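First up is the structure itself, then whatever we jot down about it.
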Amino acid sequence: MIDLRLIREQPDLVRASQRARGEDESLVDALVAADELRRASGVHFDTLRAEQKVVGKDVARATGDEKAALLAKAKDLATQVREAETASAQASAQAEELLLALSNVVNPAAPVGGEADFVVLRQVGTPRDFTQEGFTPRDHVELGQLLGAIDVERGAKVSGSRFYYLTGVGALLEFALVQMAMEQAVAAGFQPMIPPALVKPAAMQGTGFLGQAAENVYRLEADDLYLVGTAEVPLAAYHMDEILDAASLPLRYAGFSPSFRREAGSHGKDTRGIWRVHWFDKVEMFSYCPPEEAAAEHARLLAWEQEFLGKLELPYRVIDVATGDLGSSATRKFDCEAWIPTQGGYKEVTSTSNCSEFQSRRLSIRMREGDKIRPLATLNGTLCAVTRIIVALLENHQQADGSVRVPQALQHHLGGREVLLPI
RNA sequence: GGAGGAUUCGCAUAGUGGCCGAGUGCGCACGCUUGGAAAGCGUGUAAGGGGCAACCCUUCGCGGGUUCAAAUCCCGCAUCCUCCGCCA
């Protein structure tokens with residue numbers, strides 16, 4: 001959630017942000033009105049309650065007729081207090097609901113527009129020219145079959161569409177990638193974490209996934225729990241309701257977890273293979289830092305993502321995602337898109353978002369600096385989304401005979417294999 | 001799943017209807033003391049909302065209820081601990 005004071009004092013700024021996102025501007029005015037009502041009804045309740053306390057103490061001291069008279073007054077007050085309390089609670093709940101519905105204010109540096117209005121920040125590496133090399137590249141499904149690494153048919157048989165098995169060297173490849181990602185993260189000072197993949201509503205709500213993104217979240221009705229779509233959720237909620245010592249910041253966690261996504265809005269999109277699936281494993285970076293350091297931390301997260309892709313020798317580009325395509329928590333987002341030969345284009349393999357104080361306000365995570373207590377910033381970034389990296393690796397490093405070259409940095413995590421051979 | 005116990009200000013605890021938003025110890029901060037430190041002594045030390053401020057209000061796991069008045073009584077739920085059962 002954003003700061004109510006910002007909405008009170010600079011509603012135009014928030015309106016402009018909503019417009020840039022393509023979201024409802026009138027929410028801002030509704031919120032301003034709801035906030036006024038909340039404060040007014042709060043003052044009314046406070047006043048009555050203070051009076052009730054005074055009278056209550058008088059009752060305890062009084063005797064005889066005086067006590068009877070005071071008791072009558074107190075009873076009358078009690079009714080009024082109850083009514084005022086209900087009204088105040090309702091007004092607060094109303095304001096809270098609107099506040100939770102409002103997305104974070106976008107960073108002015110983010111390009112304004114829809115999904116296609118991103119800005120390419122840089123391009124790294126050069127896509128291979130398979131025509132010049134004299135063969136037609138196979139896609140990851142075909143390569144996965146040749147190598148005995150991916151079984152999508154049986155994934156569908158057992159669990160339905162968008163499920164898969166990683167088999168043989170495919171399974172080993174996941175372990176190798178995860179190990180490599182964790183090693184890098186630890187070297188950079190991250191604390192490795194294996195968080196729960198099922199979380200309570202407060203964690204999901206607090207990270208901002210129950211807004212427009214709600215339709216993509218799996219919910220376990222019987223237990224009122226959610227399956228996380230990213231380790232970002234349990235890593236953010238880890239410090240829920242805590243006040244962190246400013247001297248301990250930044251706190252950096254690298255979480256390994258399964259990621260579950262309903263893919264509700266993407267029927268018919270990327271249906272082949274394991275590019276877009278309902279479940280995959282992922283190593284996610286997560287930072288807590290002072291708000292004024294968030295932009296620098298964001299740049300660092302991006303640099304770590306690039307370091308990882310570099311070690312995998314993948315050609316990719318970095319884009320500054322447009323305002324209309326930001327998650328509700330993010331003020332700014334950078335995606336790394338790897339070149340996917342059989343798609344003839346760059347496609348998202350990592351994503352890093354600066355959520356400023358949006359999540360920490362919702363989750364009630366603050367920092368103590370001397371005698372000052374204030375919200376802090378949270379940021380997240382993908383280090384390794386296993387299935388997408390596997391797709392990129394197989395397709396980019398394939399050879400004419402269907403074998404796949406293993407990038408040097410990954411070799412020792414795969415028992416020294418320099419190449420994956422068809423079975 | 002069954003039985004019992006617990007949940008209070010960073011930690012440990014006191015508190016069984018009004019003098020309790022709440023005492024004590026530890027920790028922490030500042031001051032005194034000291035050549036310096038420790039010890040000792042003194043003062044302060046939860047969060048949130050409203051207000052220029054004085055100050056007021058909310059919160060004693062969460063949600064209801066009883067009462068003029070609830071940390072305290074009643075009901076429901078959650079979490080943790082112990083024992084039993086089952087189990088990767």
Side-chain angles (χ1 to χ4, degrees), chain A residues 1-9 31-100 102 194-206 219-227 234 237-249 251 257-258 288 357-376:
Chain A
M1 67 180 71
I2 70 175
D3 192 350
L4 258 175
R5 242 172 322 173
L6 184 71
I7 298 166
R8 259 178 242 157
E9 289 161 17
L31 193 47
V32 169
D35 179 45
E36 267 168 37
L37 185 64
R38 178 189 68 87
R39 279 187 292 164
S41 62
V43 167
H44 184 231
F45 165 68
D46 284 359
T47 311
L48 282 170
R49 179 75 172 140
E51 197 183 343
Q52 183 189 34
K53 282 184 156 181
V54 171
V55 173
K57 278 174 188 165
D58 292 343
V59 169
R61 275 193 293 268
T63 50
D65 288 350
E66 196 192 356
K67 184 163 192 142
L70 278 171
L71 257 179
K73 186 180 175 187
K75 278 190 183 185
D76 179 47
L77 258 178
T79 313
Q80 291 184 52
V81 166
R82 241 190 307 273
E83 279 166 13
E85 185 172 24
T86 306
S88 172
Q90 268 173 4
S92 290
Q94 173 78 22
E96 177 82 2
E97 192 185 320
L98 289 170
L99 190 57
L100 284 173
L102 192 65
I194 300 181
L198 276 80
V199 299
K200 298 199 269 189
M204 217 36 133
Q205 175 76 256
R219 172 155 185 255
L220 301 184
E221 182 86 38
D223 300 286
D224 200 17
L225 289 170
Y226 293 92
L227 283 165
Y238 187 64
H239 288 297
M240 180 162 63
D241 297 322
E242 292 179 23
I243 299 174
L244 306 175
D245 183 355
S248 70
L249 303 177
L251 279 176
S257 84
Y288 297 80
E357 298 112 286
F358 187 81
Q359 292 179 328
S360 75
R361 280 213 182 79
R362 291 175 156 237
L363 292 166
S364 184
I365 304 169
R366 290 153 292 173
M367 56 186 272
R368 172 175 268 123
E369 207 176 22
D371 55 1
K372 265 207 347 235
I373 291 173
R374 58 190 173 111
L376 44 70

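Only a predicted model underlies this, so the values are computations on that prediction, with no experimental measurement involved. Values below: every heavy atom of this structure, side chains too, minus hydrogens, waters and symmetry copies. Proteins get letters first, then strands, A, B, ... in listed order; numbering begins at 1 in each.
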In the strands shown, is [N] matched to any nucleotide by a Watson-Crick or G-U wobble pair with both distances under 3.5 Å, and which?
| N | result |
| --- | --- |
| B:rC32 | B:rG40 |
| B:rC86 | none |
| B:rC62 | B:rG76 |
| B:rG4 | B:rC81 |
| B:rC20 | none |
| B:rC26 | B:rG10 |

Calculate the interatomic distance between [X] atom [atom1] and [N] atom [atom2]; express it in whole Å.
| X | N | atom1 | atom2 | value |
| --- | --- | --- | --- | --- |
| A:E36 | B:rG50 | CD | C1' | 14 Å |
| A:I365 | B:rG48 | CD1 | P | 14 Å |
| A:D223 | B:rU79 | CG | P | 11 Å |
| A:H44 | B:rG51 | NE2 | C1' | 18 Å |
| A:E369 | B:rA29 | CD | P | 17 Å |

Using the [atom1] atom on both, measure [N] against [M] and round to a whole Å.
| N | M | atom1 | answer |
| --- | --- | --- | --- |
| B:rA70 | B:rU8 | C1' | 14 Å |
| B:rA12 | B:rG64 | P | 28 Å |
| B:rU45 | B:rU67 | C1' | 35 Å |
| B:rU72 | B:rU7 | P | 12 Å |
| B:rC81 | B:rC75 | C1' | 24 Å |
| B:rA71 | B:rG23 | P | 14 Å |
| B:rA69 | B:rC20 | C1' | 13 Å |
| B:rU82 | B:rA47 | P | 33 Å |

Restricting to non-hydrogen atoms, name the atom on [X] and the atom on [Y] that form the minimum distance, rounded to 0.1 Å.
| X | Y | answer |
| --- | --- | --- |
| A:S41 | A:A87 | OG-O, 4.2 Å |
| A:I365 | A:D241 | CG1-N, 4.4 Å |
| A:H44 | A:A84 | ND1-CB, 3.9 Å |
| A:M367 | A:A246 | CE-CB, 3.9 Å |
| A:S88 | A:F45 | CB-CB, 4.2 Å |
| A:F358 | A:L102 | CE1-O, 3.4 Å |

Does a sphere of radius 6.0 Å around CD1 in A:I194 hold more than 12 heavy atoms from other residues, nucleotides or ligands, not counting ones at 6.0 Å or beyond?
no
5' to 3', nucleotides 55-71 of chain B under a 4.0 Å protein heavy-atom cut-off (B base, S sugar-phosphate only, - none) gives -SSS---------BS--
Tell me which donor-acceptor pairs under 3.5 Å the side chains of residues 32-39 of chain A have, and how far apart each pair is, sequence neighbours excluded?
| unit_1 | atom_1 | unit_2 | atom_2 | d |
| --- | --- | --- | --- | --- |
| A:D35 | OD1 | A:R38 | NE | 3.2 |
| A:D35 | OD1 | A:R38 | NH2 | 3.0 |
| A:D35 | OD2 | A:R8 | NE | 2.6 |
| A:D35 | OD2 | A:R8 | NH2 | 3.4 |

Quick check: do A:L198 and A:L227 have side-chain heavy atoms less than 4.5 Å from each other?
yes
Filtered N/O pairs between nucleotides 45-47 of chain B and protein, under 3.5 Å:
| unit_1 | atom_1 | unit_2 | atom_2 | d |
| --- | --- | --- | --- | --- |
| B:rA47 | OP1 | A:R368 | NH2 | 3.1 |
| B:rA47 | O3' | A:R366 | NH1 | 2.9 |
| B:rA47 | O2' | A:R366 | NH1 | 3.3 |

Regarding A:R49 and A:Q52, is there a side-chain donor-to-acceptor distance under 3.5 Å anywhere?
yes
Classify the nucleic acid contact of A:R361 as base, sugar-phosphate or nothing, counting any heavy atom under 4.0 Å across all strands shown.
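If one applies the 4.0 Å heavy-atom cut-off, A:R361 turns out to touch nothing in the nucleic acid.
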